[in-house]
Amino acid sequence: MEWKAVKNLLLVLLLMINAVLGFFNYEQYQQNMLSSSQEKAIYEVLSQNRIILYTDLLTKFPPMRKLSLSAPMYSRDDMKQQFFAQEEVTITVEFNKTIITGENKILTMEGNKGQLVFINGTRESTKITLDEARKEAKEFMDSLSIKIAENFEIGNVQEIENGYKVTFFEKYKGEYVFANCFEIYIGEKGISHVDLNYFITEGFTGDKKDICFSDEALLTFLREIEKEREETGIYETVTVQKMDLGYDFQEMEYLKVDNVAKLVPCYRIYVLGKQKPYIINAYTNEMIREIKE
């Protein structure tokens with residue numbers, strides 16, 4: 001009987017511990033969630049300052065680790081196979097640049113950056129819609145003979161002069177890697193050129209750290225907009241088309257020791273009329289400046 005009583009007591013204690021742990025897990029979950037009142041407040045604050053949110057807000061913000069990248073290693077044969085298949089090409093080298101010229105394509109690679117130019121476009125001239133641009137860009141990515149393209153997803157589509165820019169980002173374990181991207185420019189004659197930036201994703205590193213919420217990042221964005229308005233004297237309404245969370249360079253730095261870089265969680269805020277997004281470090285809630293090349 002005594003042993004039975006002990007077992008019952010232990011069972012009760014375990015149930016109590018589970019209840020306490022469940023409570024703290026729920027509290028932690030709630031702490032990493034944007035409340036409806038916070039969401040309403042940021043919409044109102046931005047609206048009062050002539051900033052329109054034409055997108056849904058991110059609402060979940062679990063702690064995030066850094067992401068490690070390394071410099072890619074590839075040969076001229078690799079590049080030829082990836083972008084030209086069996087096509088006859090001419091390969092030339094200018095300093096650190098490798099230039100591969102085919103019948104209708106010119107690929108220029110320098111380190112992790114490259115540009116593929118379609119001299120005469122990719123098809124006959126015709127008007128193009130946003131959905132058609134997305135479809136054509138996806139078909140280009142599917143046509144590449146590189147397996148890495150399978151890990152890329154459409155991250156953003158922007159209307160530009162005479163067409164659209166469709167950007168594919170790498171998706172690593174559910175997270176965008178902004179440092180790895182294909183920017184595909186499409187007009188009436190199809191694809192005019194593709195800018196690409198690629199590193200090898202090594203994996204997450206370091207301890208998990210809290211990140212700022214989307215409303216906090218938007219307040220930082222608001223301060224940047226107000227600063228620009230004061231500098232330019234232009235006080236037009238600003239429309240935010242999209243806001244994403246992913247990984248990018250801290251302070252947009254180059255690769256560090258041993259050709260390894262550490263990316264940090266960042267918000268990207270896309271504004272109507274601007275090709276480049278505003279980038280905010282999600283650890284520090286500070287605006288990241290563009291790299292100077």
Side-chain angles (χ1 to χ4, degrees), residues 58 61-74 96-97 108-116 146 148-149 151-156 158 165-184 194-214 216-221 223-225 227-228 240-271 274-293:
L58 301 172
F61 314 98
M64 297 176 70
R65 303 170 68 189
K66 291 184 179 180
L67 186 67
S68 181
L69 300 183
S70 62
M73 300 293 292
Y74 45 75
N96 294 326
K97 294 182 180 179
T108 303
M109 291 293 301
E110 184 175 8
N112 66 291
K113 295 178 180 292
Q115 184 179 71
L116 180 67
I146 45 179
I148 60 169
N151 300 323
F152 282 71
E153 295 182 7
I154 292 181
N156 193 50
Q158 293 172 277
K165 180 176 78 170
V166 184
T167 303
F168 283 75
F169 293 115
E170 182 188 8
K171 210 66 178 297
Y172 180 77
K173 295 187 177 180
E175 304 288 352
Y176 279 125
V177 183
F178 296 134
N180 285 343
C181 66
F182 284 75
E183 295 178 335
I184 304 172
V194 179
D195 292 335
L196 60 103
N197 197 63
Y198 181 70
F199 295 94
I200 298 173
T201 303
E202 300 288 352
F204 296 115
T205 183
D207 297 329
K208 289 184 177 181
K209 294 174 58 178
D210 289 334
I211 63 172
C212 65
F213 284 18
S214 56
E216 296 172 300
L218 283 167
L219 288 176
T220 297
F221 166 73
R223 287 193 290 271
E224 184 71 13
I225 293 298
K227 180 181 176 182
E228 291 179 5
V240 175
Q241 293 184 300
K242 198 165 194 256
M243 184 177 188
D244 284 326
L245 176 64
Y247 283 91
D248 218 327
F249 287 105
Q250 185 173 5
E251 300 301 333
M252 301 301 283
E253 63 193 2
Y254 285 108
L255 290 181
K256 293 297 185 182
V257 181
D258 298 326
N259 286 330
V260 175
K262 299 295 190 296
L263 303 188
V264 298
C266 292
Y267 288 101
R268 282 198 165 204
I269 300 175
Y270 297 90
V271 170
K274 291 193 176 186
Q275 282 200 32
K276 293 186 177 181
Y278 291 82
I279 305 175
I280 297 171
N281 185 323
Y283 281 153
T284 64
N285 197 21
E286 295 176 340
M287 192 70 61
I288 292 179
R289 303 299 172 182
E290 291 179 13
I291 194 169
K292 294 181 180 179
E293 297 181 340

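Numbers for residues simply follow the sequence, beginning at 1.
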Atom pairs and distances, donor-acceptor, side-chain atoms in residues 173-181, under 3.5 Å, two or more places apart:
residue: N180; atom: OD1; partner: F199; partner atom: N; Å: 2.6
residue: N180; atom: ND2; partner: E170; partner atom: OE1; Å: 2.6
residue: N180; atom: ND2; partner: F199; partner atom: O; Å: 3.1
residue: N180; atom: ND2; partner: T201; partner atom: OG1; Å: 3.4

Are E224 and I280 packed together at the side-chain level, in the sense that at least one heavy-atom pair is separated by less than 4.5 angstrom? no
Polar side-chain atom of K242 near backbone of G155 as donor-acceptor pair, under 3.5 Å: yes
Can you name the nearest heavy-atom pair linking G206 to R65, along with the distance? O-NE, 2.7 Å
Quick check for you: to the nearest 0.5 Å, what is the distance between Q241 atom CD and K274 atom NZ? 12.5 Å
Only counting residues at least two apart or in another chain, list the ones meeting ring pair (Phe, Tyr, Trp, His ring centres under 6.0 Å) with Y172. F204
Heavy atoms, side chains only, cut-off 4.5 Å: are Y278 and I225 in contact? yes
Sidechain-backbone polar pair: T220 side chain, N285 backbone, donor-acceptor under 3.5 Å: yes
Enter the distance from K262:NZ to E202:CD here, rounded to the nearest 0.5 Å. 9.0 Å
Are F61 and D210 close enough that some pair of their side-chain heavy atoms sits under 4.5 Å apart? no
Evaluate the side-chain proximity of F182 to T167: yes if any heavy-atom separation is below 4.5 Å, no if none is. no
Just do the side-chain contact (heavy atoms from CB on, under 4.5 Å) check on L69 and Y247 with the steps written out, would you? CA-CA 11 Å; L69 300 183; Y247 283 91; over 6 Å; no
Would R268 and F169 satisfy side-chain contact (heavy atoms from CB on, under 4.5 Å), going step by step from the backbone distance to the final call? CA-CA 12 Å; R268 282 198 165 204; F169 293 115; 3.7 Å; yes
Closest non-hydrogen atoms of L58 and S214, given as atom of the first, atom of the second and distance, are O-OG, 2.9 Å
Going through the checks in order, is the side-chain contact (heavy atoms from CB on, under 4.5 Å) test met by I211 and Y283? CA-CA 5 Å; I211 63 172; Y283 281 153; 4.0 Å; yes
Of all heavy-atom pairs linking D248 and I279, the shortest is OD2-CD1, 3.9 Å
What's the shortest heavy-atom distance between E153 and K171, and which atoms? OE1-NZ, 3.4 Å
Step by step, would you call L263 with F249 a side-chain contact (heavy atoms from CB on, under 4.5 Å)? CA-CA 5 Å; L263 303 188; F249 287 105; 3.5 Å; yes
With a 4.5 Å limit on heavy-atom distance, are the side chains of P63 and K209 in contact? no
Correct closest heavy-atom pair for A217 and I269 would be O-CD1, 4.5 Å
Would you mind reporting whether I154 and F168 have side-chain heavy atoms less than 4.5 Å apart? yes
To check you understand the geometry: which heavy-atom pair defines the closest contact between T108 and K97, and what is its length? CG2-CD, 4.2 Å
How long is the gap from CE on M287 to CZ on R223, to the nearest 0.5 Å? 8.5 Å
Check whether any side-chain heavy atom of K113 lies under 4.5 Å from a side-chain heavy atom of D195, and answer yes or no. no
